[in-house]
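The next block holds one structure in the form of structure tokens; read it before the comments.
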2 protein chains.
Amino acid sequence: MTSNKIREIALSHFAKNGYEGASLADISAEVGIKKQSIYNHFKGKDELFLTVFRDAAEREMQFTESYLLSGSKPLLKDLLYNFLHSYSKRYEQEDDTRFFLRMAFFPPVHLRGEVVEYSNKHLDTIGKLLEQHFVTAAHAGTIHPEVTAATASAAFIAVLDGMFVELLYGNMESAALRLNASWLVYWRGIRNN
Amino acid sequence: MTSNKIREIALSHFAKNGYEGASLADISAEVGIKKQSIYNHFKGKDELFLTVFRDAAEREMQFTESYLLSGSKPLLKDLLYNFLHSYSKRYEQEDDTRFFLRMAFFPPVHLRGEVVEYSNKHLDTIGKLLEQHFVTAAHAGTIHPEVTAATASAAFIAVLDGMFVELLYGNMESAALRLNASWLVYWRGIRNN
DNA sequence: AATAAACTGACGAACGTTCGTAAGGGAGGA
DNA sequence: TCCTCCCTTACGAACGTTCGTCAGTTTATT
């Protein structure tokens with residue numbers, strides 16, 4: 001399906017060059033068609049972008065939920081640690097995450113509203129899913145009483161974002177280094193004993 | 001001086017819209033001149049951008065050094081905590097930091113080399129300046145022996161970046177909330193006792 | 001025969017850039 | 001003081017290019 005091919009390639013271009021930096025000419029060239037042919041599948045650049053963005057947002061959401069909704073209840077320590085590593089691997093392999101992250105930070109001005117809405121939804125979901133685990137862990141005494149579930153959750157998302165930054169800015173290796181350091185300090189900071 | 005006015009306004013436009021999103025027409029209009037007149041002061045868009053970027057990078061560097069080179073040696077806890085808060089306030093008030101951060105993440109493709117070079121220099125400087133304080137603190141027994149100076153430093157920069165993300169993506173209030181959480185967990189994670 | 005999806009061709013608008021030109025001010029000599 | 005030369009800075013007009021978009025036509029599939 002050409003439409004899907006356009007989606008895929010458009011996503012990679014948006015991720016790499018941003019909305020303004022990505023041109024329909026370049027995208028269509030890589031697809032192997034003329035840029036005018038894109039209009040057989042999408043009304044215009046905006047619709048193409050929003051379609052691609054919504055798809056990516058949904059896949060991000062699904063990944064998160066599939067991880068944090070797990071019926072099995074692993075140890076908090078394992079859950080969090082694996083989540084960080086899975087997400088970093090995901091970032092490395094999937095254009096989705098790079099694209100989603102870049103657009104969440106710097107959306108095209110005239111589509112800002114829609115983009116921000118989806119981004120917030122995603123963050124809220126992560127936050128709520130996490131909080132459940134932290135509350136459970138707090139009751140079980142896994143977390144030090146000085147650290148509330150809300151605090152542990154907020155700090156964890158900060159660790160996640162810090163990892164994203166290093167992935168965006170540095171590379172896999174430097175991100176792994178930072179992740180190890182962040183995780184060591186973070187877990188020491190919230191654990192009980 | 002018109003040249004400086006161009007610099008200032010160009011910086012704010014680059015910060016808000018990115019390199020491709022900022023047009024010489026918009027910039028010059030806000031300055032109060034025609035876009036052709038910019039060429040009396042700069043060879044072109046690239047030179048304007050690089051000039052502005054180098055200036056911003058230098059000011060960022062100066063801010064960092066003035067803070068972390070302080071001849072007086074405050075307590076590590078105070079130094080770090082105040083640094084985080086000062087930087088968040090700086091981000092709020094200065095276009096410099098927003099601009100620098102955005103361009104470090106997503107530089108214009110054809111100027112990537114130069115931009116990355118300056119960004120790395122800045123990060124290295126922060127890292128080295130921090131490491132000194134952490135080494136000192138480690139010798140003084142302020143930091144828990146399980147946490148090396150390098151680890152504490154890397155984790156702290158991650159906290160800083162996490163704060164940047166929330167500033168970029170959220171707002172001052174949400175950033176303050178996250179900062180409090182991150183800081184509480186971080187300090188618990190590295191302190192001795 | 002009908003329909004989807006590719007094509008060619010052209011459009012106005014915006015982009016960064018270059019040209020020649022004119023206004024203004026300071027320096028130096030008559 | 002006046003005149004001239006030069007330098008700076010602004011301008012209008014236009015450049016070639018690229019942008020996203022629209023209309024009409026051909027090709028391929030069913």
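What you are looking at is a predicted structure, and each value in this text was computed from that prediction instead of being measured. Here is the naming used below: chain letters follow the sequence lines, and residue numbers restart at 1 for every chain.
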**Q.** Any side-chain heavy-atom pair of B/Lys121 and B/Met61 under 4.5 Å
**A.** yes
**Q.** Closest contact, heavy atoms only, B/Ser153 versus B/Leu130
**A.** OG-CB, 3.8 Å
Q.
On a heavy-atom basis, which atom in A/Pro108 and which in A/Glu20 lie closest, and how many Å separate them?
A. CA-OE2, 4.5 Å
Q: For nucleotides 3-15 of chain C, just jot down a letter per nucleotide in 5' to 3' order: B, S or -, based on protein non-hydrogen atoms under 4.0 Å.
A: --SBBBBB----S
Q. When Ile, Leu, Val, Met, Phe, Trp and Tyr are grouped by side-chain heavy atoms lying under 4.5 Å apart, directly or through other members, which residues fall in the same group as B/Leu111?
A. B/Ile6, B/Ile9, B/Leu11, B/Phe14, B/Tyr19, B/Leu24, B/Ile27, B/Val31, B/Ile33, B/Ile38, B/Tyr39, B/Phe42, B/Leu48, B/Phe49, B/Leu50, B/Val52, B/Phe53, B/Phe99, B/Phe100, B/Met103, B/Val115, B/Tyr118
Q. For DNA chain D, what residues of residues 46-56 of chain A have any heavy atom nearer than 4.0 Å?
A. none
Side-chain polar contacts of residues 143-152 of chain A - donor-acceptor pairs under 3.5 angstrom, sequence neighbours left out - could you list them?
from: A/His144; atom 1: ND1; to: A/Glu146; atom 2: N; distance (Å): 3.0
from: A/Glu146; atom 1: OE1; to: B/Arg188; atom 2: NH1; distance (Å): 3.0
from: A/Thr148; atom 1: OG1; to: A/Thr151; atom 2: N; distance (Å): 3.0
from: A/Thr148; atom 1: OG1; to: A/Thr151; atom 2: OG1; distance (Å): 2.8

Distances for protein N/O vs nucleotides 26-30 of chain D N/O pairs under 3.5 angstrom?
none

Q: On the 0 to 90° scale, with breaks at 30° and 60°, tag the A/Phe106-B/Phe106 ring pair as parallel, tilted or perpendicular.
A: perpendicular
Q: Look at the aromatic rings of A/Trp183 and A/Trp187 and report parallel, tilted or perpendicular, splitting at 30° and 60°.
A: parallel
**Q.** A/Phe164-A/Tyr87 aromatic ring centre distance below 6.0 Å
**A.** yes
Q) Rounded to the Å, how far apart are B/Lys5 NZ and D/dT9 P? A) 15 Å
Q) Could you give the NZ-to-P distance, from A/Lys43 to D/dA23, as a whole number of Å? A) 14 Å
Q: Would you verify whether the NZ or CZ of B/Arg90 falls within 45 degrees of the ring axis of B/Phe63 while also being under 6.0 Å from that six-membered ring's centre?
A: yes
Q.
Applying salt bridge (charged side-chain N to carboxylate O under 4.0 Å, His left out) as the test, list every pair that has at least one member in residues 149-160 of chain B; sequence neighbours left out.
A. none
